[in-house]
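In this text the structure is predicted, and so the values were computed from the model without any measurement.
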Amino acid sequence: MKKVFIVFFVFMLVISMILVYYFYNYSNKLIDISKIKTDSNYENIVYENVISDEEYNLTDDFLGILEIQKIGLKATIKEGSNSDVLKRYIGHIEETSKYDGNVGLAAHNRGNEYSYFARLNELKKGDIVTYKTKFYKRQYKVDNMQAIFETDWSKLENTEENKLTMITCISNKRNQRLCVQAVEI
């Protein structure tokens, strides 16, 4: 009888360990967007680093201005998503459309002087985003917010509808990104 009890106890212990392991790993893969926090230093920050009309006309590297009133953001978008561009600007992801279709944008959200997307996680479905270029001024409505893996490029695929896809890091989730998409209204 003692052997049966020991075998049963070991069996239950192994099953418990498997369940704990499964739920721990599964819960780490799911992120509740509303619980993504930024550094408290950025909670009430307002960014406004917009190029002048003279600068804008001098180079094709500047694509436009992104403005999100809800989070106090008004910043210049520059071509490229490398570290040099992202130090000072919102970067346009080169593989995406510049004006029509799906426009991909990236920016820092912490640890940088210009962490333009520090408050991106505060957006909700229905919030308004404005994208101004030398060709037009368009308004977009946020319709999708989710955590994606850094290797997931599917959200940046071109679309028939005009869309903005904004991507930034997620604190303490090294291989995941916050992806906010807005469609033209």
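For the atom pair OG1 (Thr96) and CG (Leu105), the distance works out to 7.0 Å, reported to the nearest 0.5 Å. The NE2 atom of His92 lies 8.5 Å from the CD1 atom of Ile77; values are rounded to the nearest 0.5 Å. For the atom pair CG (Leu156) and OG (Ser97), the distance works out to 11.5 Å, reported to the nearest 0.5 Å. Note: Thr76 OG1 to Lys132 NZ = 11.0 Å, rounded to the nearest 0.5 Å. The line from OG1 of Thr168 to CG of Leu120 is 6.5 Å long, rounded to the nearest 0.5 Å. Met166 contributes atom CE, which lies 8.5 Å from atom CE of Met145 (distance to the nearest 0.5 angstrom).
Side-chain contact check for Asp127 versus Ile68: every heavy-atom pair is 4.5 Å or farther apart. Looking at heavy atoms from C-beta onward, Ile90 lies in side-chain contact with Phe117 at the 4.5 angstrom threshold. Put simply, the side chain of Ile65 reaches to within 4.5 Å of the side chain of Lys74, judged on heavy atoms.
Within 6.0 Å of CD on Glu161 lie more than 12 heavy atoms contributed by other residues, nucleotides or ligands.
Put simply, the side chain of Glu94 gets close to the backbone of Ser81: a donor and an acceptor are under 3.5 Å apart. The closest donor-acceptor contact from the side chain of Thr133 to the backbone of Gly64 lies at 3.5 Å or more, if one exists at all. One N or O on the side chain of Tyr136 and one on the backbone of Tyr99 form a donor-acceptor pair closer than 3.5 Å. With Asn102 contributing its side chain and Thr159 its backbone, the two residues share no donor-acceptor pair below 3.5 Å. Looking at Asn175, its side chain never comes within 3.5 Å of a backbone N or O of Phe149 through a donor-acceptor pair. Within the 3.5 Å criterion, the main-chain N or O of Arg88 finds no donor-acceptor partner in the side chain of His108.
In the hydrophobic cluster analysis, where Ile, Leu, Val, Met, Phe, Trp and Tyr join through side-chain heavy atoms closer than 4.5 angstrom, Leu86 is grouped apart from Leu73. A single hydrophobic cluster is seen to contain both Val142 and Ile71, as judged by linkage of ILVMFWY side chains at heavy-atom distances under 4.5 Å, directly or through other members. With hydrophobic clusters built from ILVMFWY side chains whose heavy atoms lie under 4.5 angstrom apart, Ile93 does not share a cluster with Tyr89. Cluster annotation: Leu63 and Tyr114 are assigned to the same hydrophobic cluster (Ile/Leu/Val/Met/Phe/Trp/Tyr, side-chain heavy-atom contacts under 4.5 Å, transitive). Cluster membership for Trp153 and Leu164, using ILVMFWY side-chain heavy atoms within less than 4.5 angstrom, is not shared.
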Evaluate the side-chain contact (heavy atoms from CB on, under 4.5 Å) criterion for residues Glu79 and Val85: first the C-alpha distance (whole Å), next the side-chain angles of each, then the deciding distance (0.1 Å), finally the verdict.
-> CA-CA 8 Å; Glu79 181 62 34; Val85 171; over 6 Å; no
Can you give the donor-acceptor pairs under 3.5 Å from side chains of residues 177-185 to other protein atoms, not counting sequence neighbours?
{"from": "Arg177", "atom 1": "NH1", "to": "Arg174", "atom 2": "O", "distance (Å)": "3.0"}
{"from": "Arg177", "atom 1": "NH2", "to": "Glu150", "atom 2": "OE1", "distance (Å)": "3.0"}
{"from": "Gln181", "atom 1": "OE1", "to": "Asn144", "atom 2": "ND2", "distance (Å)": "3.0"}
{"from": "Gln181", "atom 1": "NE2", "to": "Lys155", "atom 2": "O", "distance (Å)": "3.1"}
{"from": "Gln181", "atom 1": "NE2", "to": "Thr165", "atom 2": "OG1", "distance (Å)": "3.1"}
{"from": "Glu184", "atom 1": "OE1", "to": "Asn162", "atom 2": "ND2", "distance (Å)": "2.7"}
{"from": "Glu184", "atom 1": "OE2", "to": "Arg138", "atom 2": "NE", "distance (Å)": "3.4"}

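Between Lys70 and Glu122 no salt bridge is recorded (no basic side-chain N to carboxylate O distance below 4.0 Å).
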